[in-house]
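From a predicted model like this one, the values you see are computed outputs, not experimental measurements. Here is the naming used below: chain letters follow the sequence lines, and residue numbers restart at 1 for every chain.
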Protein chains: 2
Amino acid sequence: MKEKINPEQCQVVSSLNTLLGKWKPIILQHLLAEGTLRFNELKKRIPDITQRMLTLHLRELEAQDLIKRVVYPQVPPKVEYSLTEYGKTIEPLMNTLHDWGKNHLQHIENLKKLDKLD
Amino acid sequence: MKEKINPEQCQVVSSLNTLLGKWKPIILQHLLAEGTLRFNELKKRIPDITQRMLTLHLRELEAQDLIKRVVYPQVPPKVEYSLTEYGKTIEPLMNTLHDWGKNHLQHIENLKKLDKLD
DNA sequence: CTGAATCCTAAAGGATACTG
DNA sequence: CAGTATCCTTTAGGATTCAG
């Protein structure tokens with residue numbers, strides 16, 4: 001018997017926790033695709049997110065050192081978000097998740113079709 | 001500018017939803033490591049999970065076609081859980097998550113140490 | 001423009017007791 | 001042994017308002 005695995009020590013859970021948040025993967029995808037975006041540019045690209053959640057998620061991603069936040073001291077304020085160098089290491093992970101997820105949707109779709117034949 | 005990405009059409013989100021559940025990755029890890037386990041064997045290996053959550057998570061993993069459930073019609077009941085053939089395709093994904101998560105914990109640890117030097 | 005503050009709802013998960 | 005059923009707590013997220 002293998003040793004016990006707890007959520008706290010499981011490294012898979014560690015990865016998942018980093019991405020845990022309804023909009024975090026979306027935010028990361030936009031920053032991966034476009035490099036640098038202002039707060040409102042992100043808001044426009046993710047219409048259904050609330051300002052509150054965008055702020056909270058950005059703060060958490062920043063705390064994880066995945067993104068950096070640059071404030072231009074001017075009025076009206078201008079704040080730019082982009083991935084840190086470290087944050088860019090998440091791209092292969094995102095791609096792996098994307099590929100498996102895409103295949104998974106197809107798989108579930110196929111199962112449903114087979115069910116209808118019964 | 002790329003097209004908008006919504007949670008519903010985002011394939012990364014699709015993968016994450018499959019693993020969404022406090023104990024699901026843990027359950028999968030045990031089944032990956034040991035092949036077939038009975039309900040109570042899983043419960044013993046994951047001491048802090050409640051029977052309720054174990055049942056719910058197993059049902060959801062089964063609905064995703066990731067695991068299969070075999071009931072032996074006897075008293076007392078015997079139910080065995082194992083990965084489906086399709087479910088085994090999640091192993092590379094789990095490994096990728098594990099590796100990134102392990103590195104991430106180390107990264108965060110290093111950042112904390114650097115902070116203390118200030 | 002980029003937030004912060006407050007209040008509220010919904011969903012996930014836990015505790016406990018019961019059952020074929 | 002392998003669950004169900006019920007009730008409760010916690011947490012994530014949404015709606016709205018205000019502010020520098």
Take the protein atom CG of L58(A) and the nucleotide atom P of dA4(C), then report the distance between them rounded to whole Å. 10 Å
One would report the end-axis bend of the helix from dC1(C)-dG20(D) to dG20(C)-dC1(D), five pairs per end and rounded to 10 degrees, as 50°
Tell me the interatomic distance from E62(A), atom CD, to dG3(C), atom P, rounded to whole angstroms. 9 Å
Just verifying a value: how many Å separate D65(A) CG and H104(B) NE2, rounded to the nearest 0.5 Å? 8.5 Å
Report the distance from atom CD of E60(A) to atom P of dT11(D), rounded to the nearest whole Å. 14 Å
Decide, yes or no, whether a salt bridge links K44(A) with E41(A) under the criterion of side-chain N to carboxylate O below 4.0 Å. no
Roughly how many Å is it from CZ in F39(B) to P in dG20(C), rounded to a whole number? 18 Å
So, is R38(B) close to the dA2(D) phosphate, meaning a side-chain N or O under 4.0 Å from OP1 or OP2? yes
Give the residues of residues 63-77 of chain B touching DNA chain D, defined as any heavy atom closer than 4.0 Å, sorted by residue number. R69(B), P76(B), P77(B)
Y86(A) and W100(B) aromatic ring geometry - parallel, tilted or perpendicular at 30°/60° bounds: parallel
With a 3.5 Å distance limit and no angle check, can you tell me whether S82(A) reaches the backbone of T36(A) through a side-chain donor-acceptor pair? no
In whole angstroms, how far is the C1' atom of dG3(C) from the NZ atom of K43(A)? 13 Å
For T84(A) and K68(A), indicate whether the former's side chain and the latter's backbone hold a donor-acceptor pair under 3.5 Å. no
Scanning both residues in full, the closest heavy-atom pair of Q51(B) with F39(B) reads O-CZ, 4.0 Å
So if I apply the side-chain hydrogen bond (donor to acceptor under 3.5 Å, both in side chains) rule between K24(B) and each of E60(B), H57(B), Q64(B), Q29(B), which one comes out positive? E60(B)
Do L16(B) and L20(B) have side-chain heavy atoms sitting under 4.5 Å apart? no
Protein-nucleotide distance (L42(A), atom CG; dT2(C), atom P), rounded to Å: 10 Å
Please examine the side chains of Y81(B) and I27(B), heavy atoms only from C-beta on, and report whether any two atoms are closer than 4.5 Å. no
Looking only at the side chain of N40(B) (C-beta and beyond, no hydrogens), which of the listed nucleotides dG3(C), dC1(D), dC1(C) gets closest? dC1(D)
Can you tell me how far C1' of dA12(D) sits from CG of L16(A), to the nearest Å? 17 Å
Is the side chain of T18(A) donor-acceptor paired with the backbone N or O of S14(A) at a distance under 3.5 Å, no angle test? yes
Restricting to nitrogen or oxygen on both sides, can you table the protein-nucleotides 6-14 of chain C pairs closer than 3.5 Å?
unit_1, atom_1, unit_2, atom_2, d
dG13(C), OP1, K22(B), N, 2.7
dG13(C), N7, R52(B), NH2, 2.8
dG14(C), OP1, K22(B), NZ, 2.8
dG14(C), OP2, W23(B), NE1, 3.4
dG14(C), N7, R52(B), NE, 3.2
dG14(C), O6, R52(B), NE, 2.9
dG14(C), O6, R52(B), NH2, 3.3

Between E80(A) and Y72(A), what is the shortest heavy-atom contact and its length? OE1-OH, 3.0 Å
Considering just the side-chain nitrogens and oxygens of Y81(B), establish if one lies under 4.0 Å of OP1 or OP2 belonging to dC1(D). no
Expressed as a whole number of angstroms, how long is the span from L54(B):CG to dG3(D):C1'? 10 Å
